[in-house]
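A note on names: the letters A, B, ... follow the listed sequences, proteins ahead of strands, and every chain is numbered from 1.
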Protein chains: 4
Amino acid sequence: TERLSLIAGPCQMESRDHAFMIAETLVKLCDRLGIGFVYKSSFDKANRSSLSSDRGIGLEKGLAVFAELKKAFGIPVLTDIHSEQQCAVVAEVVDVLQIPAFLSRQTDLLVAAAKTGRAINVKKGQFLAPWDMTNVLDKITHSGNPNVMLCERGASFGYNTLVSDMRSLPIMAETGAPVIFDATHSVQQPGGQGATSGGERRFVETLARAAVAVGVAGVFIETHEDPDMAPCDGPNMLHLRDMPRVLEKLIALDDIAKG
Amino acid sequence: TERLSLIAGPCQMESRDHAFMIAETLVKLCDRLGIGFVYKSSFDKANRSSLSSDRGIGLEKGLAVFAELKKAFGIPVLTDIHSEQQCAVVAEVVDVLQIPAFLSRQTDLLVAAAKTGRAINVKKGQFLAPWDMTNVLDKITHSGNPNVMLCERGASFGYNTLVSDMRSLPIMAETGAPVIFDATHSVQQPGGQGATSGGERRFVETLARAAVAVGVAGVFIETHEDPDMAPCDGPNMLHLRDMPRVLEKLIALDDIAKG
Amino acid sequence: TERLSLIAGPCQMESRDHAFMIAETLVKLCDRLGIGFVYKSSFDKANRSSLSSDRGIGLEKGLAVFAELKKAFGIPVLTDIHSEQQCAVVAEVVDVLQIPAFLSRQTDLLVAAAKTGRAINVKKGQFLAPWDMTNVLDKITHSGNPNVMLCERGASFGYNTLVSDMRSLPIMAETGAPVIFDATHSVQQPGGQGATSGGERRFVETLARAAVAVGVAGVFIETHEDPDMAPCDGPNMLHLRDMPRVLEKLIALDDIAKG
Amino acid sequence: TERLSLIAGPCQMESRDHAFMIAETLVKLCDRLGIGFVYKSSFDKANRSSLSSDRGIGLEKGLAVFAELKKAFGIPVLTDIHSEQQCAVVAEVVDVLQIPAFLSRQTDLLVAAAKTGRAINVKKGQFLAPWDMTNVLDKITHSGNPNVMLCERGASFGYNTLVSDMRSLPIMAETGAPVIFDATHSVQQPGGQGATSGGERRFVETLARAAVAVGVAGVFIETHEDPDMAPCDGPNMLHLRDMPRVLEKLIALDDIAKG
């Protein structure tokens, strides 16, 4: 089994300079630690709680920055797509197309993403059981694309709360697809702060440790140099300065888990 | 307070003749009972569990049948839309655009639907608390469309199960929007049968009675003359021959509830 | 089917005079409305959130007051028991022994209660499915006591929240036992206020209406002349002055439901 | 921080010989691995799903065997108690009194157990939030006994299912009490097989790994040489022959987690 990979970056693409700063920090860190790295950022936040929430840099500018990041650092990049129309355009640049959890049952989006031939990371819907992801996976692979990751990001547990069922990791792994644990959105408190979603950053490491000890192909962690000022997901992003310590622990656990 | 209205029809538009048969039966029934009626059917099932599931008659044919139904019976019609592109086209014919539960947080879809000026029925996401619908409602009304209904259709409760929290009805009514209770999808067992969703038809009347006694503007009930043979939602559609008995009971309860 | 009965009274027995005041008010009300009435009160609150919470008047004094109430008003009385030892003693006076929800799986308590020959009201555990109550019921009936009621009082739904699944009412009714809906504890927010449990009184009528429309043998409603000052369950007890209005509505719904 | 301890043994005490066989195996294993060990077994299963389920060897015989085990192996023993009356008697022999999850809010039981002066292991109720355990803990410590462990064993998640929220471990640890993870009952499917509870043994290791990586004082694992033939909890007990492999992995994870 291969070593743990990291999917990380700021929730939202804020600017070219900001993207470069974060990417450089993470590239150096992952090089030092000897783990794979995929840079993640969103160019558009299409399902914000409220209409007045900031939605990001937009498709065109976002793709240009992704292209520059790939060239500058030689890294694969990941972003989430929200409509069939976006798939082909985004796939010209982006290496991994991510299906948002709310959209994990939208057949046309899954098929359009599949047909780009790019790798697909599907977030498990908060309303789905882990075994339901078999159907989701089949929609993509039966469209001719075997390159799919399945991503746990919490299940609905009462109102405004998610719970991470660690059993979902081996259950989804039985499909043969690599399983990713999204430690950022798993600690989200959806809708829990009125017009924005809340979260509990202090549990990012808790849940990431648990998932890695169970055994996953990768962890997904959003990070920011000043999360409390970030335009989205602030309460659940990890501080960039905490990444080295957290990752070192995760890699040590991964070595044991896969040993 | 106005009397209970009915939103009903077969889950999927199967053919012109089938649509006319069901519509005629329901129009006569609602006329006799003295309640408002909106005909519901889907031209495309965009989030089926599996790729191999039947998806329906398609947009163009579907709109033509809706136009004929409106002309023949003088009734408003409702259908669900799944992308921004569909909104304007569908709104040329259809009176009520319905936002599927999985898509209830997709800002662009909500705004595009709002801008058609048509009435909007938003299903509450299985992953949302009733108070979270305030933000959803605001996305539509702040786009200039005050004509919105909020629809309860069950909340995630463990895996492959939904629960109907009757408290959500007065909570959503506090927004001022008419509240609809979807008794069909509330008894769904999402993903509970492998490649299709299951359901428990016997609880449609149970939950509809409960909701009406609490107080709602309307009930949403999918119905079919042979539900076990229907192309979708068979396990949770009510048999057409049971509609008169169930509706008579619901109207009597509604009279007490609003009396 | 018989008309709805009422199980009601203050959460805790506070004093002889208080018990008489509430009982007299409720007896007169139920006489006027023509419904059966069982007086409910607890002599000991054995599972309060915190050690410092008031626990009530005690067994000996409580039984004396119950005996007086029975003699004065000719009504059956109900109280909850918490240990095998209490069963025989309490059964000398009390007509209906109630098994608390947390204790609904304790075999020895169920058997000891059954062996008194008194009627038993078993609250469904917050951790049980409605079909799990078949085993609970069997523990009592197989001990020679067929006189059992099953009582819905909410299921765990995330943390500090209960949800009332109205499907549980017909499911439990399939056992043949009369089904009671406890509208007071169903709106409890267990542990939701730190060292005491919270609740939302405004939903007592909401949930009671829903349950009655579905069809139940009785409703359980705790009531107090000044609930916000009551020693327990204040946030979810109904104000005594609201009982007539709520009950009139419930009876009208019951007539339709069973018509 | 101290190394991980193990609480283990067969669900039910079956016979003196069986107890000795299991204890000897586990004592040797824990000696070899250098971890603390507490022998666990129940002399009475007081909350079985059904009246016809086997309830065990009984109090008197059970205590005699525990006394022999302590003498023979020099190990502490743990058992669960179900009534105030049992506390003092059991405490004469048994080192750790365990409060069952269903009884975790029963004040009299908690106080009676506390007053024995023995160590107390309280299982968190399936209906409680982790922060609710502060009140439970206070009931014991305010009765003069500071020697309390808090034990996670799953939270209700829909019907007949438990979910292990790994966030509960650090939340409960904030009280200062040692936190134990019960990997056996966390994989239980309560009531899920009709008259007995089901379970998924294959997830015992999954959840134990997760909990240890987060950081716990000990793990609780029921084990049997032939679990499918065991009188209780068969579907979720670990096979005795798998204990060495699983424990070695857990200890390696624990070293990293606490490193």
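- Using a 4.5 Å cut-off between heavy atoms, L253(A) contacts chain D through both its backbone and its side chain.
- Heavy atoms of A155(A) lying under 4.5 Å from chain D belong exclusively to its side chain.
- In terms of heavy atoms, L162(D) sits closest to R167(A) at O-NH2, 2.7 Å.
- Among the candidates A257(A), G259(A), S164(A), the residue making the largest number of heavy-atom pairs closer than 4.5 Å to chain D is A257(A).
- Residue E2(A) qualifies as open at atom CD: its count of foreign heavy atoms under 6.0 Å is 12 or below.
- No part of I251(A) comes within reach of chain D, as not one of its non-hydrogen atoms sits under 4.5 angstrom from that chain.
- Residues of residues 216-227 of chain D placed with any heavy atom under 4.5 Å of a heavy atom in chain A are absent; none qualify.
- Considering all non-hydrogen atoms of both residues, A210(D) and M166(A) come closest at CB-CG, 4.0 Å.
- Of all heavy-atom pairs spanning R209(A) and V214(D), the tightest one is NH1-O, 3.7 Å.
- Within the 4.5 angstrom heavy-atom criterion, atoms from both the backbone and the side chain of T206(A) approach chain D.
- Residues I256(A) and K249(D) approach most closely at O-NZ, 2.8 Å, considering heavy atoms.
- In this structure, K28(A) places its NZ atom where only 12 or fewer heavy-atom neighbours from other residues, nucleotides or ligands lie under 6.0 Å away.
- The shortest side-chain heavy-atom distance between D165(A) and F203(D) does not fall under the 4.5 Å cut-off.
- In this structure, the portion of T161(A) lying under 4.5 Å from any heavy atom of chain D is its side chain and not its backbone.
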